[in-house]
Peer 1: 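There's a structure below that I have some questions on.
Because the structure is a prediction, the values reported are computed rather than measured.
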Amino acid sequence: MRETINQQYAEIAKLNRNIEALNRQLRKKDEENSILKERLSKYEKPKKNSGNSSTPPSLDNLLKLNISNFGKKFETLKKGLIKCRDYIFNFLEDPMIPSDNNGSERGIRKLKIKLKNSCTFRSDFGADAFFELHSIVETAKKRNKTPFNAIQALFEA
C-alpha cells in the first residue's frame, strides 16, 4: 500500500513539474505576444487628427482633384488608380503584404532561363511536366516546406 502511495506521489510530482514548465512556456509566449503587439502597433492606422496640417492628403482627395491641365497621361494614371484604389496601398496598412512582386518574379526566373537556354521543350508533355513540377517546388518553398516532402506527398496521396 505504501509503495502505491509513493508511486502516485511521484506521478503527482512529475505532473506538477510538467504544469510548471507549461506555465513558464505560456508566460514566455505571452511576453513574446506583447512584444509583437508593440511592434505591430506602429503599423496600425494613426488616428485622424483634423487639426494637424502636416497630415498628407488621402488618396481619395487626390483622385478628386482636376488634373486635366497636366495632360492625357495623368488622366490615364488617375483612371487606373480609381479602378484599384481599394487594394493598391494595402501593403502600407498590413506589414505582412509585400510591397512588390519580387517573390513571383524570382519564382519564374528559372523557367525563363531554361527557355532562353534551350529555346524550346522537346514535347508538350515535357513542358507540362516541367511546369507542374516547378510549380509544386516553388509553392513548397513559399510555404517553408521542403520540395522533396511536397513531391513525396503527391505520391502518398
Side-chain angles (χ1 to χ4, degrees), residues 18-157:
N18 288 343
I19 289 171
E20 289 173 9
L22 289 172
N23 282 334
R24 281 192 300 273
Q25 287 178 356
L26 283 173
R27 283 192 297 273
K28 185 177 178 182
K29 292 293 182 187
D30 286 342
E31 290 172 5
E32 290 175 6
N33 283 341
S34 65
I35 291 169
L36 286 174
K37 284 179 184 176
E38 254 179 63
R39 289 175 61 194
L40 286 175
S41 66
K42 67 180 178 182
Y43 293 107
E44 291 179 354
K45 292 182 184 177
K47 293 181 180 177
K48 293 184 179 179
N49 186 0
S50 58
N52 188 358
S53 62
S54 65
T55 305
S58 70
L59 180 62
D60 289 332
N61 291 340
L62 290 174
L63 292 175
K64 290 177 185 174
L65 293 176
N66 183 9
I67 58 169
S68 59
N69 56 338
F70 289 117
K72 188 169 173 76
K73 288 186 179 183
F74 281 98
E75 283 291 330
T76 305
L77 175 65
K78 180 180 173 181
K79 288 178 185 176
L81 287 174
I82 289 172
K83 285 181 185 176
C84 59
R85 77 168 180 254
D86 292 335
Y87 56 88
I88 193 166
F89 292 115
N90 284 344
F91 68 93
L92 294 174
E93 297 170 359
D94 187 357
M96 298 303 292
I97 298 174
S99 60
D100 58 16
N101 64 345
N102 284 342
S104 301
E105 290 175 1
R106 280 191 294 272
I108 63 171
R109 183 176 296 138
K110 291 177 191 170
L111 299 173
K112 196 62 183 166
I113 291 172
K114 167 98 171 121
L115 286 173
K116 282 183 178 180
N117 289 341
S118 65
C119 297
T120 185
F121 288 95
R122 291 186 182 183
S123 67
D124 289 340
F125 177 77
D128 290 341
F130 179 82
F131 291 133
E132 287 172 3
L133 187 62
H134 182 74
S135 174
I136 292 166
V137 168
E138 288 301 316
T139 302
K141 285 180 184 177
K142 286 183 188 268
R143 295 183 178 183
N144 295 324
K145 308 284 185 199
T146 62
F148 177 77
N149 289 342
I151 294 169
Q152 189 178 27
L154 290 174
F155 291 110
E156 291 174 357

Peer 1: Considering residues at least two apart in sequence or located in another chain, which fulfil the salt bridge (charged side-chain N to carboxylate O under 4.0 Å, His left out) criterion with Glu20?
Peer 2: none
Peer 1: Out of curiosity, Leu77 CG to Phe74 CZ, how far, rounded to the nearest 0.5 Å?
Peer 2: 7.5 Å
Peer 1: With sequence neighbours excluded, what pairs up with Glu32 under the side-chain contact (heavy atoms from CB on, under 4.5 Å) test?
Peer 2: Lys28, Lys29
Peer 1: Report the residues that fulfil side-chain hydrogen bond (donor to acceptor under 3.5 Å, both in side chains) with Asn66, sequence neighbours left out, ordered by chain and then residue number.
Peer 2: Ser68
Peer 1: Excluding sequence neighbours, so at least two apart, what forms side-chain contact (heavy atoms from CB on, under 4.5 Å) with Leu22?
Peer 2: Gln25
Peer 1: Side chains of residues 138-149: which donor-acceptor partners sit under 3.5 Å, not counting sequence neighbours?
Peer 2:
unit_1, atom_1, unit_2, atom_2, d
Thr139, OG1, Ser135, O, 2.8
Lys142, NZ, Gly103, O, 3.2
Thr146, OG1, Asn149, N, 3.3
Thr146, OG1, Asn149, ND2, 2.8

Peer 1: How long is the gap from CG on Asn69 to CD on Glu75, to the nearest 0.5 Å?
Peer 2: 9.0 Å
Peer 1: With Lys64, which residues qualify under salt bridge (charged side-chain N to carboxylate O under 4.0 Å, His left out), at least two apart?
Peer 2: none
Peer 1: In chain order, what residues pass the side-chain contact (heavy atoms from CB on, under 4.5 Å) check against Asn18, with sequence neighbours excluded?
Peer 2: Lys14
Peer 1: Restricting to side-chain contact (heavy atoms from CB on, under 4.5 Å), what partner residues turn up for Leu63, sequence neighbours left out?
Peer 2: Leu59, Lys78, Leu81, Ile82, Arg85
Peer 1: Using the six-membered ring wherever Trp is involved, compare the ring planes of Phe130 and His134 and label them parallel, tilted or perpendicular (cut-offs 30° and 60°).
Peer 2: parallel
Peer 1: Looking at residues at least two apart in the chain, or sitting in another chain, which of them share a salt bridge (charged side-chain N to carboxylate O under 4.0 Å, His left out) with Lys79?
Peer 2: none
Peer 1: If the condition is side-chain hydrogen bond (donor to acceptor under 3.5 Å, both in side chains), which residues does Ser123 pass it with, not counting sequence neighbours?
Peer 2: none
Peer 1: Evaluate whether atom CZ of Phe131 has more than 12 neighbouring non-hydrogen atoms of other residues, nucleotides or ligands under 6.0 angstrom away.
Peer 2: yes
Peer 1: To the nearest 0.5 Å, what is the distance between CG on Leu62 and CD1 on Ile67?
Peer 2: 9.5 Å
